[in-house]
Novice: 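Dropping a structure here in structure tokens format, bear with me for questions.
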Amino acid sequence: MTVLRPPPSPAKDTPRRLPPLTLANPDMVAKHTPCTLHLSVLPPELACRLFYTMLDESQEWKRNQWWLFERLVESPHRTSFYVRRFSASDGDSEDVAGDAWQEAAQYWYNGRSTQPPRHFPDVLEEACTIVERVVNEEMKKRRRYPLEWGGDSLGIWRANVAAANCYEGAKESVGAHADQLTYLGPYPTIASISLGTTRTFRLRETIPSDQRDVRQARTFNIPLPHNSLTIMHASTQERFKHSIPPQSTIDLYRPSYPRSMASPIEPSNCRINITFRFYRPDFHPSTIPRCKCGIPTVLRADQKNKQDGSDKYWWHCNAAAQNEGKDCGFWKVLDIKAEGRGPCVQDALEDSAG
Ligand SMILES: O=C(O)CCC(=O)C(=O)O
Ligand SMILES: [Fe+2]
């Protein structure tokens with residue numbers, strides 16, 4: 001007897017695999033990613049002075065340490081955290097350098113106890129003012145997202161903290177991640193300046209689970225030269241992971257100015273990165289949910305699962321990072337309204353409509 005078999009079902013269409021793409025100039029970065037790249041952003045003398053100052057400071061920076069699957073691991077680069085001093089004329093209800101914010105600095109280091117954070121050195125303050133100007137000009141050209149911070153009636157972005165990283169040699173790196181949103185809140189704008197040797201900044205989109213059958217992620221490699229500013233605009237932390245991958249070789253950086261009149265120019269194999277950030281008053285440390293371990297939780301965007309296409313964020317226990325990998329399993333969805341946070345851009349829009 002002949003057994004009739006149904007014809008083989010046609011192979012399911014798998015989305016096209018896309019090769020990595022190098023984004024070699026600002027136009028390409030803006031076209032393919034939610035980021036913008038700004039070359040030669042600081043006056044050259046200031047960029048060089050900032051490089052020397054932060055390189056000297058970096059002698060004190062530490063490798064982050066945390067527990068991962070029952071193993072204590074160490075970040076393959078050194079890092080530090082700075083807070084900005086504000087004058088009363090800035091109208092801040094609380095200086096971010098105040099005691100409460102020291103908790104936030106501690107959580108830059110995965111919950112490790114730390115010394116009080118340092119203040120911006122003068123040269124960092126000088127650079128920050130220029131960076132803010134560039135960020136605000138760029139933000140004016142962009143759409144705003146409903147969950148962005150809407151508390152500044154003039155819609156002006158400013159930085160109140162900075163995280164700094166030093167990558168020494170070609171092998172130091174940072175793995176693929178999206179930044180934690182604990183004190184930044186949803187849809188932050190993060191401005192990241194690069195000094196010293198050129199390194200590749202890698203961006204890769206996370207495709208939400210319900211779109212995996214229709215499209216694939218692409219890897220974008222962006223070479224970041226000395227004195228360039230990368231702005232990770234709103235939605236980068238919701239949709240992309242970023243990294244600085246290890247490289248087989250790097251070009252030494254040759255500063256254009258000596259440290260002093262008498263000193264020779266010394267080539268360097270270091271890249272200094274400074275990310276300027278705005279810690280939101282509505283994500284003040286006193287408002288961060290505590291888990292059953294009694295310590296502050298951390299907030300992350302859920303890049304894979306969207307609620308009916310809209311974003312979802314989780315507060316979750318982060319004790320494992322410092323507690324030999326053990327946590328209490330606390331997970332709670334962020335509910336901006338119920339938690340009394342804001343105003344967000346959407347609230348400002350509702351007010352003007354109503
Ligand atoms: O070095 C860089 O450009 C990225 C640093 C970074 O991702 C971070 O500090 O969160
Ligand atoms: Fe990051």
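Ligands are counted one by one from 1 in listed order, and the atoms in each one are counted from 1 as well. Values in this document were obtained by computation on a predicted structure and should not be read as measured data.
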Novice: Within the structure, is a non-hydrogen atom of R199 found at a distance of less than 4.0 Å from ligand 1?
Specialist: no

Novice: Could you tell me if R341 sits above the aromatic ring of F283, with its cationic atom closer than 6.0 Å to the ring centre and no more than 45 degrees from the axis?
Specialist: yes

Novice: To check your reading of the site, what angle at the Fe ion (ligand 2) do OD1 of D179 and NE2 of H177 form, to 10°?
Specialist: 90°

Novice: So does D179 get a backbone contact from the side chain of Q237, meaning a donor-acceptor N/O pair under 3.5 Å?
Specialist: yes

Novice: Note the single closest protein heavy atom to atom 3 (O) of ligand 1, along with its residue, its atom name and the distance in Å.
Specialist: R271 NH2, 2.9 Å

Novice: Considering only heavy atoms of Y167, which atoms of ligand 1 have at least one such atom less than 4.0 Å away?
Specialist: 1 (O), 2 (C), 4 (C), 5 (C)

Novice: Which of the numbered atoms in ligand 1 are under 4.0 angstrom from any heavy atom belonging to D179?
Specialist: 10 (O)

Novice: Measure from the ring center of F220 to the ring center of F201 and say whether it is less than 6.0 Å.
Specialist: no

Novice: Taking the cut-offs as 6.0 angstrom to the six-membered ring centre and 45 degrees off its axis, would you call R259 and Y257 a cation-pi pair?
Specialist: no

Novice: W315 and E339: side-chain donor and acceptor closer than 3.5 Å?
Specialist: yes

Novice: List ligand 1 atoms under 4.0 Å from N165, heavy atoms only on the residue side.
Specialist: 5 (C), 8 (C), 9 (O)

Novice: Just jot down the ligand 1 atoms closer than 4.0 angstrom to any heavy atom of R277, in number order.
Specialist: 8 (C), 9 (O), 10 (O)

Novice: Is it true that the side chains of D251 and T197 contain a donor and an acceptor less than 3.5 Å apart?
Specialist: no

Novice: Classify the contact between H177 and ligand 1 as side chain, backbone, both or neither, using a heavy-atom distance cut-off of under 4.0 Å.
Specialist: side chain

